[in-house]
Amino acid sequence: MKLLFILSFTLLLYLSANTQLKLSANTQLKSNYVVEKKYVLVSDIIKNSNSTLKLFDIDTDRHSLRIKTKYLLDKLNKLGYKEIYSRHNYTQFTQKSPINTDKMELYLRELYEANYQNIQIDEISILPRSYLEHMPLNYTIDIHRNAYLSNRGIINIKTDDNKKIFFNYLIKAKVSVVVSKQKIQKDAELSILNAKKKSIMLKKFKASPLQKIENSSLQLKHRVKKGTILTIRDVVGLFLVKRGSKINVVVIDSNIAISFIAKAKQNGRLGESITIINSQGKKLKAVVTAKNSAEIR
């Protein structure tokens with residue numbers, strides 16, 4: 001009976017240690033953690049851990065605690081949480097402010113939804129840069145005009161007395177982008193043959209990403225590699241008419257349409273005005289309406 005008890009106890013210890021290892025395996029520490037109380041629990045750091053063991057207390061007259069990461073790692077290691085690493089020398093724990101950020105969350109949601117056709121927002125977190133007991137009654141919201149290009153940034157509010165309060169925000173979301181399926185040469189037409197739509201986690205873009213593929217609409221401004229996420233900086237309107245090509249020209253006058261073949265003297269994109277030469281050698285102006293087609297208005 002005693003032997004059975006020892007074996008059972010040993011097995012429980014093994015399972016507990018093994019569970020800790022699985023929970024902490026290859027865990028990278030963040031530089032800042034938000035905690036609900038004036039203390040830090042293991043569960044505040046180790047995702048999915050149910051441990052209520054207290055690691056640190058936050059001073060009563062403060063709302064944050066900054067410690068050396070090496071000290072934190074040593075403490076977690078002694079508790080059986082292995083394979084944890086960090087890229088930061090210090091780790092900060094910040095007490096969550098008891099404020100309502102619904103108005104700012106709605107503002108961010110509308111901003112991102114306005115700039116991405118198919119965005120799936122899973123979570124929006126907003127934290128003041130310093131502890132706030134409450135929000136002002138009246139304020140306006142401001143943010144950088146290109147903030148939507150990143151999943152994280154700074155948003156600020158301006159009070160009636162011109163005081164600015166800054167917040168850090170983080171958005172977890174998936175967006176649809178256009179990715180090159182192969183190497184695409186400069187001036188090549190963008191189509192489903194060389195590009196595809198793909199859903200990815202929103203992180204950071206240098207410019208607004210393309211979100212759909214429209215045939216006979218865009219061409220590459222420069223060569224791109226396979227697997228490139230295409231942005232508006234990579235493309236330009238497709239030349240539907242090439243210089244020197246024969247095009248079909250339509251003249252509409254008094255509900256009578258007359259068409260003839262002419263030679264294009266310029267490259268032309270949809271809606272652009274180009275110079276053409278008819279069969280008598282006369283130069284005319286026409287507006288590009290489709291591939292190898294134009295209209296005199």
Side-chain angles (χ1 to χ4, degrees), residues 23-35 44-48 69 83-94 96-97 101-129 141-157 165-184 190 192 194-214 218 220-236:
L23 287 171
S24 61
N26 299 317
T27 298
Q28 180 181 339
L29 294 181
K30 297 187 293 185
S31 60
N32 183 52
Y33 290 88
V34 178
V35 296
D44 291 323
I45 303 170
I46 307 299
K47 189 177 180 181
N48 299 324
T69 302
E83 299 182 35
I84 302 178
Y85 66 99
S86 175
R87 296 177 180 175
H88 311 281
N89 292 326
Y90 288 87
T91 304
Q92 179 162 313
F93 299 95
T94 305
K96 186 176 181 180
S97 298
T101 58
D102 289 350
K103 185 177 177 179
M104 283 188 289
E105 288 179 26
L106 178 61
Y107 181 94
L108 287 170
R109 182 176 293 275
E110 291 178 344
L111 172 67
Y112 279 76
E113 288 179 344
N115 285 281
Y116 295 98
Q117 296 173 356
N118 298 302
I119 185 170
Q120 178 188 327
I121 299 176
D122 297 323
E123 183 183 346
I124 300 177
S125 59
I126 302 175
L127 298 173
R129 290 195 147 187
I141 301 174
D142 189 29
I143 195 171
H144 190 275
R145 62 187 181 90
N146 290 328
Y148 68 91
L149 294 177
S150 177
N151 69 326
R152 64 181 66 214
I154 299 171
I155 186 170
N156 71 81
I157 61 174
I165 304 174
F166 293 87
F167 301 77
N168 294 324
Y169 74 85
L170 174 67
I171 295 180
K172 293 183 180 179
K174 283 187 176 181
V175 294
S176 293
V177 296
V178 175
V179 180
S180 57
K181 293 163 61 174
Q182 60 195 45
K183 182 192 295 183
I184 308 177
L190 184 69
I192 58 174
N194 54 25
K196 63 180 180 180
K197 289 183 65 176
K198 184 178 180 181
S199 179
I200 64 170
M201 292 299 297
L202 172 62
K203 289 186 178 179
K204 189 175 183 179
F205 299 114
K206 293 181 179 179
S208 296
L210 293 182
Q211 298 171 61
K212 60 182 178 179
I213 305 171
E214 294 183 9
L218 298 171
L220 275 295
K221 291 170 67 175
H222 49 253
R223 185 174 61 184
V224 298
K225 297 179 180 179
K226 178 181 178 180
T228 299
I229 297 175
L230 301 175
T231 73
I232 58 174
R233 293 182 183 176
D234 299 312
V235 295
V236 68

* Give a yes or no answer on whether the side chain of Thr228 reaches the backbone of Ser180 with a donor-acceptor pair at less than 3.5 Å. => no

* Considering all heavy atoms of both residues, which atom of Ala195 and which atom of Val178 are nearest to each other, and what is their separation? -> CB-CG1, 3.8 Å

* Glu123 and Ser125: side chain donor to acceptor below 3.5 Å -> no

* Asked: Do Gln120 and Asp122 meet the criterion of a side-chain donor-acceptor pair at a distance under 3.5 Å?
  -> yes

* To do: State, yes or no, whether a side-chain contact exists between Leu230 and Leu218 at a heavy-atom distance under 4.5 Å.
  => no

* How many angstroms lie between NZ in Lys181 and CD1 in Ile192, if you round to the nearest 0.5 Å? -> 7.0 Å

* Full working for side chain to side chain contact (heavy atoms under 4.5 Å, CB included) between Thr27 and Glu83 -> CA-CA 7 Å; Thr27 298; Glu83 299 182 35; over 6 Å; no

* Hey, mind stepping through Val35 and Thr94 against side chain to side chain contact (heavy atoms under 4.5 Å, CB included) and telling me if it holds? -> CA-CA 6 Å; Val35 296; Thr94 305; over 6 Å; no

* Got a second to check how far Ile171's CD1 is from Glu105's CD, nearest 0.5 Å? -> 9.5 Å

* Structure fact -> All heavy atoms of Tyr169 vs all of Ser150, minimum pair found to be OH-O, 4.4 Å

* **Reported CD1-to-CZ distance for the pair Ile232 and Phe205, which is rounded to 0.5 angstrom** => 12.0 Å

* Does the side chain of Asn151 reach to within under 4.5 Å of the side chain of Leu170, using non-hydrogen atoms? -> yes

* Structure fact -> Taking every heavy atom of Leu149 against every heavy atom of Leu202, the minimum-distance pair comes out as O-CD1, 4.4 Å

* Ile184 versus Asn194, closest heavy-atom pair with distance -> CD1-O, 3.5 Å

* Asked: Do Arg129 and Asn168 have side chains that get closer than 4.5 Å, going by heavy atoms?
  -> yes

* Which of these, Tyr148, Phe167, Tyr107, sits in a side chain to side chain contact (heavy atoms under 4.5 Å, CB included) with Ile143? -> Tyr107

* For the student: nearest non-hydrogen atoms of Leu29 and His88, plus distance -> O-CD2, 4.0 Å

* Asked: For residues 195-213, which residue pairs qualify under salt bridge (charged side-chain N to carboxylate O under 4.0 Å, His left out), counting only residues two or more places apart or in two chains?
  -> Lys212-Glu214

* With no hydrogens and no angle check, do the side chains of Asn115 and Ser208 hold a donor and an acceptor under 3.5 Å apart? -> no

* Do Ile200 and Ile229 come close enough that some side-chain heavy atom pair is under 4.5 Å? -> yes

* Asked: Backbone N or O of Ala147 within a donor-acceptor pair of the Tyr112 side chain at under 3.5 Å?
  -> yes

* Tyr33 vs Phe93, ring-ring contact (aromatic ring centres under 6.0 Å, His included): CA-CA, chis, key distance, verdict -> CA-CA 5 Å; Tyr33 290 88; Phe93 299 95; 5.6 Å; yes

* To do: Assess whether side chain to side chain contact (heavy atoms under 4.5 Å, CB included) is satisfied between Leu190 and Leu210, documenting all intermediate values.
  => CA-CA 11 Å; Leu190 184 69; Leu210 293 182; 3.8 Å; yes

* To do: Flag the pair Met104 / Ile141 as yes when at least one side-chain heavy-atom distance between them is below 4.5 Å, and no otherwise.
  => yes

* **Reported CD1-to-OG distance for the pair Ile126 and Ser97, which is rounded to 0.5 angstrom** => 12.0 Å

* Structure fact -> All heavy atoms of Thr91 vs all of Thr69, minimum pair found to be OG1-OG1, 2.9 Å

* With sequence neighbours left out, which residue pairs that include part of residues 221-231 fulfil the salt bridge (charged side-chain N to carboxylate O under 4.0 Å, His left out) condition? -> none

* Structure fact -> So CG of Leu127 and CZ of Phe166: to nearest 0.5 Å the spacing works out to 16.0 Å

* Find the distance between CG (Leu111) and CD1 (Ile155) and round it off to the nearest 0.5 Å. => 8.0 Å

